[in-house]
Amino acid sequence: MKTFVLASLALIAAAPLAAQTAAPAAAGPQPVTRVDFTKHVDDTFGRIDTNNDGALSVAEIAAAEAKDKANIEAQLTVRRKQAFDQLDTNKDGQISFAEFAAGMPQPNIPTDGKAMLNNLDANKDGKVTLIEYRAPQLAKFNRVDANKDGTATVEEQRKAATGR
């Protein structure tokens, strides 16, 4: 029971602190002293300990978790409504595919060939030969083929992809 209370307290105490430090998003993370952190933990404990007996019961912890959940759900509902209203450009209470698509980030894919030419044209003659085109791709293959046997096995590909 003691471990449960301590683990729950840590989770409950950390959530409000994260919310407080995340509030000034433009300022970014701020330093927190041990004294300030301890005060915050103690204040949170005091709010959860509704019967003021100096200990947190399962019921008190559950009530605090339920309150936190309700607050988070309310905040999410507000954000979702704002996002919906922003996408519903004709304000008919429905989002058409066109409205949805217009609200999505558009990919920034170059179509003029310049970036690829600059990356692949090793001798800078304004053209990409098969050798120039193949070189970076084969370099990638060689990095994956760890044992250099000419075959990129499934295991070598997995290791290359995950870094393990």
Side-chain angles (χ1 to χ4, degrees), residues 1-111 115-116 119 136-137 139-147 149 151-164:
M1 176 67 178
K2 187 175 187 178
T3 304
F4 171 75
V5 171
L6 291 175
S8 297
L9 175 59
L11 291 173
I12 293 168
L17 181 62
Q20 284 181 353
T21 57
Q30 300 294 314
V32 177
T33 66
R34 183 176 184 83
V35 170
D36 289 341
F37 182 77
T38 302
K39 182 180 180 334
H40 175 75
V41 169
D42 293 352
D43 291 347
T44 302
F45 183 94
R47 282 193 300 278
I48 298 168
D49 184 17
T50 55
N51 65 4
N52 298 316
D53 68 351
L56 301 180
S57 68
V58 171
E60 289 171 320
I61 293 168
E65 290 173 338
K67 185 177 178 181
D68 285 348
K69 179 182 179 188
N71 287 337
I72 290 168
E73 287 173 347
Q75 291 170 5
L76 285 173
T77 298
V78 168
R79 283 192 231 143
R80 288 173 180 151
K81 175 73 171 116
Q82 290 170 340
F84 181 91
D85 290 345
Q86 186 176 2
L87 292 174
D88 184 19
T89 56
N90 66 1
K91 305 303 178 206
D92 67 352
Q94 297 180 12
I95 298 175
S96 68
F97 178 75
E99 289 171 318
F100 178 78
M104 294 294 98
Q106 299 301 312
N108 184 14
I109 301 170
T111 58
M116 184 179 275
N119 287 333
Q137 303 305 319
K140 288 178 191 175
F141 180 91
N142 291 340
R143 283 192 296 274
V144 172
D145 182 16
N147 65 3
D149 68 353
T151 300
T153 65
V154 172
E155 182 65 16
E156 288 171 326
Q157 293 174 49
R158 185 192 60 76
K159 284 181 181 179
T162 62
R164 297 183 229 161

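Worth saying up front: this structure is predicted, and the values here are computed from it rather than measured.
Residues Phe84 and Gly93 approach most closely at CZ-O, 3.3 Å, considering heavy atoms. Heavy atoms only, all atoms of each residue included: Gly54 and Phe45 are closest at O-CZ, 3.5 Å.
Here OG1 of Thr89 is found 9.0 Å from CD1 of Ile95. Values are rounded to the nearest 0.5 Å. A distance of 7.5 Å separates CG in Leu87 from CD in Glu99, rounded to the nearest 0.5 Å. In this structure, OG1 in Thr44 is found 10.5 Å from CG in Leu56, a value given to the nearest 0.5 Å.
Under a cut-off of 6.0 angstrom, the local environment of CZ in Phe100 is sparse, with at most 12 non-hydrogen atoms contributed by other residues, nucleotides or ligands. Within 6.0 Å of atom NZ in Lys69, 12 or fewer heavy atoms from other residues, nucleotides or ligands are found, so the atom counts as exposed in its surroundings. By the 6.0 Å contact criterion, CD on Gln137 is enclosed, its count of non-hydrogen atoms from other residues, nucleotides or ligands being greater than 12.
Within the 3.5 Å criterion, the main-chain N or O of Thr50 finds a donor-acceptor partner in the side chain of Glu60. Distance alone, capped at 3.5 Å, is enough to place a donor-acceptor pair between the Gln106 side chain and the Met104 backbone. In terms of modelled atom types and a separation under 3.5 Å, the side chain of Asp68 and the main chain of Ile72 share no donor-acceptor contact. Between the Gln157 side chain and the Val144 main chain, no donor and acceptor come within less than 3.5 Å of each other.
With sequence neighbours left out, the side-chain hydrogen bond (donor to acceptor under 3.5 Å, both in side chains) criterion links Lys140 to no other residue. Listed by chain and residue number, Val78, Arg79 satisfy the side chain to side chain contact (heavy atoms under 4.5 Å, CB included) test with Gln82 (two or more places apart in sequence, or in another chain). Partners of Asp43 under the salt bridge (charged side-chain N to carboxylate O under 4.0 Å, His left out) rule, at least two apart in sequence or in another chain, are Lys39. In this view, Thr151 satisfies the side-chain hydrogen bond (donor to acceptor under 3.5 Å, both in side chains) rule with no residue, not counting sequence neighbours. A search for side-chain hydrogen bond (donor to acceptor under 3.5 Å, both in side chains) contacts involving Glu155 returns Arg158, not counting sequence neighbours. Remark: Asp85 engages Lys81 in a side-chain hydrogen bond (donor to acceptor under 3.5 Å, both in side chains) (not counting sequence neighbours).
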Could you please spell out the steps behind the side chain to side chain contact (heavy atoms under 4.5 Å, CB included) verdict for Asp49 and Asn51? CA-CA 6 Å; Asp49 184 17; Asn51 65 4; 2.8 Å; yes
